[in-house]
Chemist: 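Can you read through this structure? Questions will come right after.
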Amino acid sequence: MALGTSMIIRLEMDKKQVTFGEVAAAISDAGGDVVAIDVIHASPESTTRDLTVNLPETVREMILKSVGELSGVKVVNVSDRTFLAHLGGKIEVQPKFPVKNREDLSHVYTPGVAKVCMAIHEDKQKAFSLTIKRNMIAVVSDGTAVLGLGDIGPEAAMPVMEGKAMLFKQLGGVDAFPICLDTKDTEEIINAIKWMAPSFGGINLEDIASPRCFEIERRLTEELDIPVFHDDQHGTAVVVLAGLLNALRIVGKPLESAKIVLLGVGAAGSACIKMLLSAGAHNVIAVDQCGALVKGEEYPHDMWSWIAEHTNPHQERGGLTEVIQGADVFIGVSRPGLLTVEHIQSMAEDRIVFAMANPNPEIEPELAEPHVRVLATGRSDYPNQINNVLCFPGIFRGALDCRASVINEEMKVAAAKAIASVVKEDELNELYIIPGVFNEKVVEYVRRGVVEAAIRTGVARRTPPEFR
């Protein structure tokens, strides 16, 4: 299925040579759909119009060619609506109240601000109540693993980090600021984040390549007293667990006895495995380019060695073809085209397949659907989208509200169970195992689960009034 987009075409049309109907027909014949028309200028001889056209990305040039070849038509400008949404950035900083006179100024700035500074100097914890720290997180990337684009650099990562900041605010009421660092050095990244940590109540790491991301998160978690969360790892893991809990409810299989094969042991795959083990799974097999990870073998980095030590209890060997036989669940966080119909047919009955490579999954959904009981992907144009947006706003909302010092495994599992619980028993079915990203219940359910887990595990430094 081709991904869709839209563009705005500004045209000057000579009324004596061409009609609007001819222009619309040319766009339609080339595969586009005119969804909006704005008249910019009109005279007896000509008109200038902006046409908003929905189209598959693959026919963009064909549409422009077809329109440009019409007599009496001049293509003045072409704007992609996605680019228009990013002009000048997508976020801004605004004051919470106006400064209208000298008295206002004396309270928010000098001289009044000095006594607030001294109050924080005497007790640093007051920064949580007297500054933006109480509700502000940093969204930090080095631009080395951006979406499926790879190492494209810190400047090119900014649109993603800005978008993440928007979602934090809109969905969770969390203020977030994007910070893209121009270094790939692990120590420099760690130090940069430590140096700016006093301004923030939490750190969301984003799009940092593995295996470096593991060390960065581990060190920051140990050395900072605010929560650090690498969303590419744990956000994916939380939502995968949420969807899987509900999928297993449908097929009537307990997590503890399910055979789960996970393909792709990078940042997301490693976190998914840890999350599954924390939730009670016992038979998880991790597969990467070297085949199934097996205890006792040597691997290129410590994370794979840890996974080999704690998974694959029956020491199954071989590649995906061998170890997927008899599996109840397949989870893919790898690359397109690696899962085949034959692989799926070799699994146990009532198969569950989470094919989450983006934008193209490990197997085309149309190929997989006839052979599985439950199918999930990372895409929004199919049912059961596994989307990190379900996770991070509520997790940080809860962590900030209880001033958690860390986001621990218990809090992540609680978040997953909270997301799963949004789908009620009478709603649960093969095409609806996970709520939509705009379901208003998600953030509050996740927040509550996270706060309760933080209090229970002793990492909360404040108890919100409704939990007392």
Side-chain angles (χ1 to χ4, degrees), residues 124-125 127-128 133-134 136-142 144-145 164 168 174 176 179 181 183 185-238 241 266-279 301-307 310 388 391-416 446 449-451 453-462:
K124 289 183 180 180
Q125 290 302 308
F128 282 102
K133 186 181 180 78
R134 68 183 299 172
M136 175 66 77
I137 66 166
V139 182
V140 184
S141 178
D142 64 357
T144 55
K164 197 72 173 279
F168 267 116
V174 174
I179 297 173
L181 302 174
T183 178
D185 183 271
T186 296
E187 290 300 322
E188 289 184 348
I189 292 171
I190 292 169
N191 285 330
I193 294 173
K194 286 171 61 177
W195 292 331
M196 66 186 178
S199 299
F200 297 97
I203 305 293
N204 185 98
L205 301 174
E206 189 80 13
D207 292 349
I208 299 174
S210 66
R212 191 171 63 255
C213 61
F214 303 127
E215 175 69 5
I216 291 170
E217 186 191 39
R218 182 188 68 79
R219 288 271 305 281
L220 289 172
T221 298
E222 291 175 355
E223 297 176 26
L224 294 179
D225 67 345
I226 56 175
V228 179
F229 185 80
H230 186 201
D231 188 51
D232 300 311
Q233 295 182 59
H234 310 298
T236 300
V238 166
L241 178 58
S270 301
C272 287
I273 290 166
K274 285 191 170 185
M275 181 69 66
L276 291 167
L277 297 176
S278 295
H301 53 79
D302 291 343
M303 181 57 69
W304 279 21
S305 298
W306 187 95
I307 290 170
H310 292 85
N388 293 11
C391 165
F392 61 79
I395 283 188
F396 269 100
R397 179 72 278 153
L400 290 172
D401 286 350
C402 70
R403 295 186 191 164
S405 56
V406 298
I407 296 173
N408 58 31
E409 287 300 308
E410 292 85 354
M411 294 161 72
K412 297 169 198 169
V413 172
V446 172
V450 165
V451 172
I455 294 171
R456 185 171 63 250
T457 56
V459 299
R461 292 174 291 187
R462 174 180 178 272

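Just the heavy atoms: all of them, side chains too, but no hydrogens, waters or symmetry mates, feed the values below.
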Chemist: Could you tell me if the side chain of L205 sits less than 4.5 Å from the side chain of I189, heavy atoms only?
Modeler: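 Side chain of I189 against side chain of L205, heavy atoms only: no contact under 4.5 Å found.
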Chemist: Should N204 and F168 count as side-chain neighbours, where that means a heavy-atom distance under 4.5 Å?
Modeler: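 Answer yes - side chains close enough.
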Chemist: Measuring from atom CG of N191 to atom CG of L220, what distance do you get when rounded to the nearest 0.5 angstrom?
Modeler: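 Going from CG on N191 over to CG on L220, the span is 9.0 Å.
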Chemist: Within the structure provided, determine whether R134 and L400 are in side-chain contact (heavy-atom separation under 4.5 Å).
Modeler: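 No, their side chains stay 4.5 Å or more apart.
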Chemist: So I226 and F128, do their side chains get closer than 4.5 Å, heavy atoms only?
Modeler: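 In contact.
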Chemist: Of all heavy-atom pairs between A138 and M196, which one has the smallest distance, and what is that distance?
Modeler: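 Closest pair (atom of A138, atom of M196, distance): CB-CE, 4.5 Å.
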Chemist: For E409 and K412: C-alpha separation, side-chain torsions, deciding distance, then whether salt bridge (charged side-chain N to carboxylate O under 4.0 Å, His left out) applies.
Modeler: CA-CA 5 Å; E409 287 300 308; K412 297 169 198 169; 2.9 Å; yes
Chemist: As an exercise, state the distance from OG of S270 to CD1 of I307, rounded to the nearest 0.5 Å.
Modeler: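 It is 3.5 Å, given to the nearest 0.5 Å.
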Chemist: Can you check whether V238 reaches M275 side chain to side chain, under 4.5 Å on heavy atoms?
Modeler: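 Yes, at least one pair of side-chain atoms sits under 4.5 Å.
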Chemist: If you compare all heavy atoms of A267 against all heavy atoms of H230, which two are closest, and at what distance to 0.1 Å?
Modeler: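 Smallest interatomic distance, heavy atoms only, reads CB-CE1, 4.3 Å.
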Chemist: Quick one: does R403's side chain have a donor or acceptor within less than 3.5 Å of a partner on R461's backbone?
Modeler: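 Pair absent, no side-chain N/O of R403 close to backbone of R461.
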Chemist: Can you confirm whether F200 sits close enough to I179 that some side-chain heavy atom of one is under 4.5 Å from a side-chain heavy atom of the other?
Modeler: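 Yes, their side chains come closer than 4.5 Å.
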Chemist: Does the side chain of M303 come within less than 4.5 Å of K274's, by heavy atoms?
Modeler: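 When only atoms from C-beta onward are counted, M303 and K274 do touch, with a gap below 4.5 Å.
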Chemist: Compute whether any side-chain donor of one residue and acceptor of the other, for N388 and T236, lie under 3.5 angstrom apart.
Modeler: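 Yes - a donor-acceptor pair under 3.5 Å links their side chains.
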Chemist: Taking atom NE2 of H310 and atom CD1 of I273, what is their separation to the nearest 0.5 Å?
Modeler: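 Nearest 0.5 Å value for the NE2-CD1 distance: 12.0 Å.
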Chemist: V459 versus M411: any side-chain heavy-atom pair under 4.5 Å?
Modeler: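 The answer is yes, as the side chains (C-beta and beyond) meet within the 4.5 Å cut-off.
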Chemist: Are E410 and R456 within salt-bridge range, i.e. N to O under 4.0 Å?
Modeler: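 Result for this pair is no, no salt bridge flagged.
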Chemist: With under 30° as parallel and over 60° as perpendicular, where do the rings of F214 and H301 fit, or are they tilted in between?
Modeler: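 Plane angle between 30° and 60°, so tilted.
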Chemist: Search all heavy atoms of A145 against all heavy atoms of I208 and return the closest pair with its distance.
Modeler: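 In terms of heavy atoms, the two residues are closest at CB-C, 4.0 Å.
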Chemist: Rounded to the nearest 0.5 Å, what separates atom OG1 in T457 from atom CG in N408?
Modeler: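 Rounded to the nearest 0.5 Å, the OG1-CG separation comes out at 4.0 Å.
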Chemist: Check the surroundings of atom CG in D185: do more than 12 heavy atoms from other residues, nucleotides or ligands lie under 6.0 Å from it?
Modeler: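 Atom CG in D185 is crowded, with more than 12 foreign heavy atoms closer than 6.0 Å.
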Chemist: So does E222 pair up with R219, basic N to acidic O under 4.0 Å?
Modeler: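 No, no charged N to carboxylate O under 4.0 Å.
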Chemist: How many angstroms lie between CD in E188 and CD1 in I193, if you round to the nearest 0.5 Å?
Modeler: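 One gets 12.0 Å once the value is rounded to the nearest 0.5 Å.
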Chemist: Look at the side chain of K194 and the backbone N and O of L224, then say whether any donor-acceptor pair between them is shorter than 3.5 Å.
Modeler: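 Checked: no pair found.
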Chemist: Is it the case that the side chain of D232 and the backbone of D207 share a donor-acceptor pair, with hydrogens and angles ignored and the cut-off at 3.5 Å?
Modeler: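 Yes, the answer is positive, given that a donor and an acceptor are paired below the 3.5 Å cut-off.
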Chemist: When you compare the side chains of D142 and T144, does any donor N or O come within less than 3.5 Å of an acceptor on the partner?
Modeler: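 T144 and D142 do have a side-chain donor-acceptor pair below 3.5 Å.
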Chemist: Looking only at non-hydrogen atoms, find the nearest pair between P393 and V174 and report the distance.
Modeler: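 Minimum heavy-atom contact is O-CG2, 4.3 Å.
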Chemist: Could you report the tightest heavy-atom contact between S278 and V413, atom names first, then the distance?
Modeler: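 Nearest heavy atoms, S278 then V413: CB-CG2, 4.0 Å.
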Chemist: Return the minimal non-hydrogen interatomic distance between A416 and L241, and the atom names on each side.
Modeler: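 Of all heavy-atom pairs spanning A416 and L241, the closest is CB-CD2, 3.7 Å.
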Chemist: Roughly how far, to the nearest 0.5 Å, is the CD atom of E217 from the CD1 atom of I203?
Modeler: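 Separation between the atoms: 12.0 Å.
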